[in-house]
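We count ligands from 1, going down the list as the structure has it; atoms in each ligand are counted the same way. Heavy atoms only: backbone and side chains are in, while hydrogens, waters and symmetry mates are out.
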Amino acid sequence: MTHLPRQYHITTFGCQMNKADSERMAGILEEMGFQWAEDPEQADLVLYNTCTIRDNAEQKVYSYLGRQVKRKHEKPDLTLIVAGCVAQQEGELLLRRVPELDLVMGPQHANRLRDLLEQVFDGNQIVATEPVHIFEDITKPRRDSTVTAWVNVIYGCNERCTYCVVPNVRGVEQSRTPEAIRAEIEELGRQGFKEITLLGQNIDAYGRDLPGVTAAGRHQHTLTDLLYFVHDVPGIERIRFATSHPRYFTERLIRACAELPKVCEHFHIPFQSGDNAVLKAMARGYTHEKYRRIIDTIRRYMPDASISADAIVGFPGETEEQFQNTLSLVDDIGFDQLNTAAYSPRPGTPAALWDNQLAEDEKSDRLQRLNHLVSIRAAERSQRYLGRLEEVLVEDQNPKDPTQVMGRTRGNRLTFFTGDIAELKGQVVPVRITTVRAFSLTGENVANPLVCA
Ligand code: SF4
């Protein structure tokens, strides 16, 4: 007999794609009658949505899982699921390692959670990792915010960066149609969402798998065309997109961002290394000169645009001089934010097999040196906000100070100011910036100065 447990908990590791998948799976579970449990120890269904990019994320999954396995010995109707990239990569092996698992599912199967769970509740142990064609999303994701939402526009990745497991685990590129994307955004607008972020592992590849070319021979559906196509959706006030690949980032896209008022002046473009030989070994397909040209072009159109990126230090064979080239790039560009990581070999990727791996202490020394420079440069970049009037879209209460609300500027800086969340949630408020820190700001509401008196 099928018995539905009532409470679920999802722990998410890794990238925004994983977070979006988790929200989609939470939506499915809630449609099935489950309720969110804050504490995983109270849940009847525990799902780990995993990531293989960072080593410690993978190890964390195993240690969290260990605790749940113990619980399962006392509570046999506990349902244990591993989803995401570790699930995809390990497949059956995971079941052999942790036989208490009920379901192991790759990221492409997120939409099938209901189906798979029904089989589990019928007493089966399931591994769903074979590639599938992703059909249109038919589920409504639960979204953690009621103000900002993610919208997947392209799944998978056709690149072959030598450190990355994504192409193995998320499959080839599959773009959703512009009509389906617009319909989803219209629905979000009706539900009261104010900001959307279009998501893809390599969002600049959007549309190249869709039929249709223009007379000039370019793909008919590109990210730029998509931005124009969804720009006027009622209710949506801000549009962002991630993650960009320098190889495909065009001036046409930059022009569209400058032209379209709802598209925020914030660009997340990973460069990974500032050295051409390392970029070549990574198979990234661009040079640091090309990257710099992209940033110059963005700043020519939008001098104040905020720029964030991802960087890896300690890639196999990286010399001190090559690492210095990364430092120079960071110093020259002045990022508003940089996600940094020490290279860690991922199973099934080419670079993991190379014998020129760096020692751990060397990698962490470089990481520290890079992080130090990043925070200095980010603090300098923050200075430009001091005294300025910024539009802040209010998302939530400041969890550390209930008299304050928090939101983001168009440039994606987290900003706090005194205010009542019940009154301001979802509103764009003009805020005079009074305090700047490396990665966040504080200001006062100038639309309603009495609120902050
Ligand atoms: S572009 Fe490269 S790093 Fe990004 S998901 Fe694709 S293979 Fe991985």
Side-chain angles (χ1 to χ4, degrees), residues 12-21 49-55 57-58 84-89 106-108 110 131 134 150 152-176 197-209 219 222-223 240-250 253 267-288 290-291 294 307-316 318 326 329 338-354:
T12 308
F13 301 87
C15 66
Q16 278 189 328
M17 294 294 280
N18 262 17
K19 289 181 192 149
D21 285 348
N49 195 8
T50 60
C51 166
T52 51
I53 305 279
R54 305 267 165 94
D55 220 349
E58 195 170 336
C85 301
V86 173
Q88 180 67 35
Q89 196 165 282
Q108 291 196 326
I134 297 163
W150 291 311
N152 280 309
V153 305
I154 176 170
Y155 301 93
C157 180
N158 287 6
E159 299 300 301
R160 285 289 175 270
C161 302
T162 50
Y163 54 83
C164 182
V165 293
V166 165
N168 296 346
V169 298
R170 289 194 180 262
V172 295
E173 289 164 4
Q174 292 178 43
S175 302
R176 298 175 64 198
T197 302
L198 307 177
L199 276 189
Q201 296 288 353
N202 172 8
I203 197 157
D204 299 278
Y206 174 76
R208 58 182 184 183
D209 57 319
H219 288 286
T222 64
L223 175 61
R240 303 181 190 277
F241 56 87
T243 297
S244 300
H245 194 304
R247 186 167 175 183
Y248 303 101
F249 207 90
T250 63
L253 174 64
F267 298 87
H268 183 77
I269 317 176
F271 64 88
Q272 307 303 14
S273 167
D275 182 85
N276 287 347
V278 175
L279 286 170
K280 194 162 184 199
M282 290 175 164
R284 292 286 291 171
Y286 55 87
T287 59
H288 78 90
K290 156 115 189 203
Y291 187 85
I294 292 172
I307 313 281
S308 60
D310 302 337
I312 299 171
V313 298
F315 191 71
E318 184 190 69
T326 293
L329 184 93
L338 186 66
N339 305 323
T340 58
Y343 170 76
S344 104
R346 312 312 309 143
T349 60
L353 302 173
W354 299 346

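- With sequence neighbours excluded, no residue forms a ring pair (Phe, Tyr, Trp, His ring centres under 6.0 Å) with F241.
- The salt bridge (charged side-chain N to carboxylate O under 4.0 Å, His left out) search around D275 returns none, not counting sequence neighbours.
- Protein heavy atom nearest atom 3 (S) of ligand 1, with residue, atom name and distance: Y163 OH, 3.5 Å.
- Between the side chains of Q272 and Y163, at least one donor N or O sits under 3.5 Å from an acceptor N or O.
- Annotation: the span from T326 atom OG1 to L279 atom CG amounts to 7.5 Å, rounded to 0.5 Å.
- Each of P350, P316, S273 was compared with M282 under the side-chain contact (heavy atoms from CB on, under 4.5 Å) criterion, and only S273 meets it.
- Screening the protein for N, O or S atoms under 2.8 Å from atom 2 (Fe) of ligand 1 yields 1; no waters enter the count.
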What pairs of donor and acceptor atoms, side-chain ones from residues 197-204 against any protein atom, are under 3.5 angstrom apart with sequence neighbours left out?
residue, atom, partner, partner atom, Å
D204, OD2, H245, N, 2.8

